[in-house]
Amino acid sequence: MQTKIPQTSSVMSALLRADFTTLWRNRRSLRLVLLVPVVIVISWKGMVKMMGGPYVISGGITIGLISIGLLGYTNSIARDRDKGVFQRLRVGPVAAWTIMCSRIMVQIATIMAMTIAIFAVGNLVDKIVLSPLGYLTGFFAAVLGGALYLSLGQLIVGLIKNPETVNSTTRLVYFIFIMVGMLGNFGVLGDVVKEMVQWSPYGVVNHMIGTALQPETWNLQATYALLATLGYSAVFGILGIRFFKWN
Amino acid sequence: MSNQQRAILEVDQLSVSYGHFQAVRQVSFAVESGEIFGLLGPNGAGKTSTLSAIEGLLRPQGGQINVAGFSILDQPLYAKANMGVQLQSTSFQAELNVAEIIRLFAGIYGKEMTPAEVEEKLVEINLQDSGSKRFGQLSGGQQQRVSLVISTIHDPQLVLLDEPTTGLDPQSRRQLWDRIEAIKAKGHAVLLTTHSMEEAEAVCDRIAIIDHGRVIAIDTPEALIAAHRNDPDVIAVCRKGKVTLEDVFIGLTGRAVRS
């Protein structure tokens, strides 16, 4: 009897359907992940005149990306690994990369939805209007920035096996990134911290998205921020995949 | 070997280690089509490691495993496409309902199932009203039925069942035995692990007893009892005068409780 292995498209479509259904059934946590950046954009309305609309939008998107990458992706991977969900999938004729690819695609869709929500709230509440090209390049920069936080999440779940430890670590990293990132970027924590924050994963993503939202201002520093984002993503991603254990 | 009885699973000189600990030591056996083969052993004997290597979940340090002629090491997707697996503790995404889980695994094995076909599968296992329930809401017996239907959804030549009846009541256990025998009747091969000697005697055509990572006996249950009924170790543990498979098992593997 001839053996046929299932087509990758059939496997991907089944995995994506299941992963999107899971995301949809987790609407409560999805809302929480989306709520934080939306609240930030609304509460920073007063800063639009002072710092400019792109600054407020990029801040909101960066925080949203951190939430999705660290709280959404990482915890769901840690939980499913612990419960043996991956083990059950891997005994089927499924290439391991398709399982992870489906999970990442769901997170990228969330990133896209979050970015559009921030654009909409920024426009409707904060009256921030960008050029069509600004929206487009900002959108792609958000997806690129999302890759950095997804790879950071991959690194955490690769290095730490216990789901409770993963959960507490992601919350700690999330808190540090938001507090040190935001306050450091404002210069509240001093010039040294400000300089460090600018080249941290928070700072480079924030700067890259902020400049991408007004592409006419793109400069050498923005290019460095883009390269740093790609570099961080590659390093975190490679290490995260290298150390990841499926069970 | 005749056409009707060909080896679907061939395990040859399999060795599995965890660091310095050798869990499986040069284990060899074969399971033929239309055969139910039991793998028995005390806790920590190497059953699960053997099964995990066959399932492709861990890479052995030595040996060969072929499923329907495909090496699990060199052609894992082809080997896996020919096998269905029911793991010891099955877990699915908690947010999916039973019908969605069946559709997911049908897709993974390359079968697009319509809602009507999913319903048909549910009727087959007497769970027609449970399609919209979450897996965790089902009883142990119902969960095992769903797991078995998923592991055979693509009509595989080899079905691996890891302690399938653990925790089931006698009615559910008997029903599962009937389903396992139905798989055999279709000419497929079944490899199951169990701690129940009653189960091994009731459903297995042949069994292998594994201890300390080695196969220490392999034959039909009746032949094993006949071969060891006069062993002093077996007689010493015999409880009711008549030697059973359990007596042989304890006689061969020792009385000491394994952690």
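Each chain gets a letter, A, B and so on, in the order its sequence line appears, and its residues count up from 1. All values below were derived from every heavy atom in this structure, side-chain atoms included, with hydrogens, water molecules and symmetry-related copies excluded.
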Please examine the side chains of [Y] and [X], heavy atoms only from C-beta on, and report whether any two atoms are closer than 4.5 Å.
X      : Y      : answer
B/H195 : B/N43  : yes
A/I5   : B/F70  : no
A/V106 : A/T22  : no
A/V38  : A/M114 : no

Show every donor-acceptor pair shorter than 3.5 Å between a side-chain atom in residues 230-239 of chain A and any protein atom, with sequence neighbours excluded, or say none if there are none.
residue: A/Y232; atom: OH; partner: A/W199; partner atom: O; Å: 2.6
residue: A/S233; atom: OG; partner: A/L148; partner atom: N; Å: 3.4
residue: A/S233; atom: OG; partner: A/T229; partner atom: O; Å: 2.7

Donor-acceptor side-chain pairing of A/Y174 and A/S67 below 3.5 angstrom
yes
Nearest-0.5 Å distance that lies between atom CG in B/D162 and atom OG1 in B/T193
3.5 Å
Close contacts, residues 69-103 of chain A versus chain B, judged by heavy atoms under 4.5 Å
A/R79, A/D80, A/K83, A/G84, A/V85, A/Q87, A/R88, A/L89, A/R90, A/V91, A/G92, A/P93, A/V94, A/A95, A/R103
Please work out whether the ring planes of B/F21 and B/Y18 are parallel, tilted or perpendicular, with thresholds of 30° and 60°.
parallel
Which label fits B/F37 and B/F29: parallel for a plane angle under 30°, tilted from 30 to 60°, or perpendicular past 60°?
parallel
If I measure from the heavy atoms of chain B, does A/L15 come under 4.5 Å with its side chain, its backbone, both, or neither?
both
Residue from B/L77, B/I101, B/L160 scoring the most non-hydrogen pairs under 4.5 Å with chain A is B/L77
Partners passing salt bridge (charged side-chain N to carboxylate O under 4.0 Å, His left out) against B/K184 (at least two apart in sequence or in another chain):
B/D205
Contact listing (chain A partner; residues 103-119 of chain B; heavy atom under 4.5 Å):
B/R103, B/L104, B/F105, B/G107, B/I108, B/Y109, B/G110, B/E112
Quick one: what part of B/Q93 sits under 4.5 Å from any heavy atom of chain A, side chain, backbone, both or neither?
both
